[in-house]
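For reference, the structure discussed in these notes is given below.
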Amino acid sequence: MNETDIEINKKFRRIGNGRYANIQLKFSNFSSDTSVFTITNETIHQESITLKQSICDSDELEFGGCIASELTFEVSEAMNADIKGKKFEFLMQSVDVGNDSDCTDFKSLGVFIVDDVQMVDGKDYKKVTAYD
């Protein structure tokens, strides 16, 4: 990890303390720049985003084991989009409130595949679970 990456990671850790995040979930075929579907701050419920990453989920390290990162989020206005089984890139940009010059580039937090999409009971949004 170089010095620039370390500084960007410090800014991301301070989100919520005078900083906010622009989020993009870009569903595309990754063989061209043509984006099929993008979820942004306008439709994602930011307080619902969780990203779980772990090397090992037991008390002892198991060599050769693999634990997938899990991303869950809730999204509105994606009722007609069939995203189950689709691949997307999770991008986040950290922005200092009131200071557009202190804005990082979008940083990729990984490529995920949607495993489960469920309508939330009695609501007009979906809960999505994806793994890397």
Side-chain angles (χ1 to χ4, degrees):
M1 187 176 278
N2 62 33
E3 289 294 320
T4 304
D5 287 338
I6 291 170
E7 287 304 311
I8 289 171
N9 285 329
K10 285 180 184 177
K11 289 181 180 182
F12 280 106
R13 284 193 294 269
R14 290 194 314 258
I15 288 175
N17 298 324
R19 301 186 77 76
Y20 70 95
N22 282 327
I23 295 171
Q24 289 185 350
L25 306 178
K26 285 192 161 195
F27 291 80
S28 65
N29 59 13
F30 295 100
S31 63
S32 70
D33 292 335
T34 307
S35 187
V36 175
F37 182 67
T38 302
I39 295 173
T40 63
N41 285 17
E42 294 182 18
T43 58
I44 197 163
H45 301 191
Q46 288 192 25
E47 67 280 357
S48 72
I49 299 172
T50 59
L51 177 59
K52 295 180 187 176
Q53 296 177 315
S54 178
I55 294 173
C56 181
D57 65 351
S58 65
D59 292 338
E60 294 184 23
L61 184 61
E62 178 183 329
F63 291 101
C66 179
I67 297 177
S69 297
E70 177 186 74
L71 176 67
T72 59
F73 59 92
E74 294 172 352
V75 63
S76 300
E77 300 178 17
M79 300 301 150
N80 298 329
D82 182 20
I83 59 174
K84 187 169 183 175
K86 303 289 189 213
K87 186 190 294 187
F88 67 92
E89 185 174 19
F90 180 24
L91 300 163
M92 190 163 70
Q93 177 189 45
S94 175
V95 179
D96 190 6
V97 175
N99 185 2
D100 290 337
S101 64
D102 192 16
C103 178
T104 63
D105 291 331
F106 276 94
K107 181 173 176 71
S108 177
L109 298 181
V111 175
F112 294 82
I113 298 174
V114 176
D115 180 62
D116 189 36
V117 180
Q118 295 181 355
M119 290 294 297
V120 176
D121 294 333
K123 307 290 182 182
D124 62 345
Y125 57 89
K126 295 178 180 182
K127 181 173 182 177
V128 179
T129 304
Y131 298 97
D132 67 352

Problem - Centroid separation Y125 to H45 less than 6.0 Å - result: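 Aromatic pair counts; centres sit under 6.0 Å.
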Practice task
Over all heavy atoms of both residues, which pair between E74 and S48 is shortest? Give the atoms and the distance, please.
Solution key: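 Shortest heavy-atom contact: N-OG, 2.9 Å.
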Exercise for the section: Mind listing the closest non-hydrogen atom pair of S69 and L51 along with its distance? Expected result: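 Minimum heavy-atom contact is CB-CD1, 4.5 Å.
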Handout entry: Worked check of side-chain contact (heavy atoms from CB on, under 4.5 Å) between I49 and I44
Key = CA-CA 8 Å; I49 299 172; I44 197 163; 3.8 Å; yes
Exercise for the section: State which residues pass side chain to side chain contact (heavy atoms under 4.5 Å, CB included) with E70; sequence neighbours excluded, sorted by chain then number. Expected result: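 Side chain to side chain contact (heavy atoms under 4.5 Å, CB included) list for E70, sorted by chain: K52, T72, T129, Y131.
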Atom pair [atom1]/[atom2] of [X] and [Y] - distance to nearest 0.5 Å:
| X | Y | atom1 | atom2 | value |
| --- | --- | --- | --- | --- |
| I83 | I113 | CD1 | CD1 | 13.0 Å |
| D116 | Q118 | CG | CD | 4.0 Å |
| D132 | L109 | CG | CG | 11.5 Å |

With the side chain counted from C-beta on, respond yes when [X] and [Y] share a heavy-atom pair under 4.5 Å apart, and no when they do not.
| X | Y | answer |
| --- | --- | --- |
| E89 | L25 | no |
| F27 | I39 | yes |
| F88 | V111 | no |
| M92 | F106 | no |

Practice task
Please name all residues satisfying ring pair (Phe, Tyr, Trp, His ring centres under 6.0 Å) with F90, sequence neighbours left out, ordered by chain then number.
Solution key: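 Testing F90 for ring pair (Phe, Tyr, Trp, His ring centres under 6.0 Å), a comparison that skips the adjacent residues, returns none.
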Exercise for the section: Report yes or no: do N22 and Q24 form a side-chain donor-acceptor pair below 3.5 Å? Expected result: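 Note: N22 and Q24 side chains miss the donor-acceptor criterion.
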Exercise for the section: Scan residues 39-49 for pairs that pass salt bridge (Lys or Arg N to Asp or Glu O under 4.0 Å), counting only residues two or more places apart or in two chains. Expected result: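 As it turns out, there is no salt bridge (Lys or Arg N to Asp or Glu O under 4.0 Å) pair with a partner in residues 39-49 once direct neighbours are skipped.
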Problem - salt bridge (Lys or Arg N to Asp or Glu O under 4.0 Å) partners of K84, counting only residues at least two apart - result: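 K84 satisfies salt bridge (Lys or Arg N to Asp or Glu O under 4.0 Å) with no other residue.
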Handout entry: Residue list, side chain to side chain donor-acceptor pair (under 3.5 Å) with T40, at least two apart or on another chain
Key =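 T40: no side chain to side chain donor-acceptor pair (under 3.5 Å) contacts found.
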Exercise for the section: Not counting sequence neighbours, which residues clear side chain to side chain donor-acceptor pair (under 3.5 Å) with D115? List them please. Expected result: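 Side chain to side chain donor-acceptor pair (under 3.5 Å) check on D115 returns nothing, list empty.
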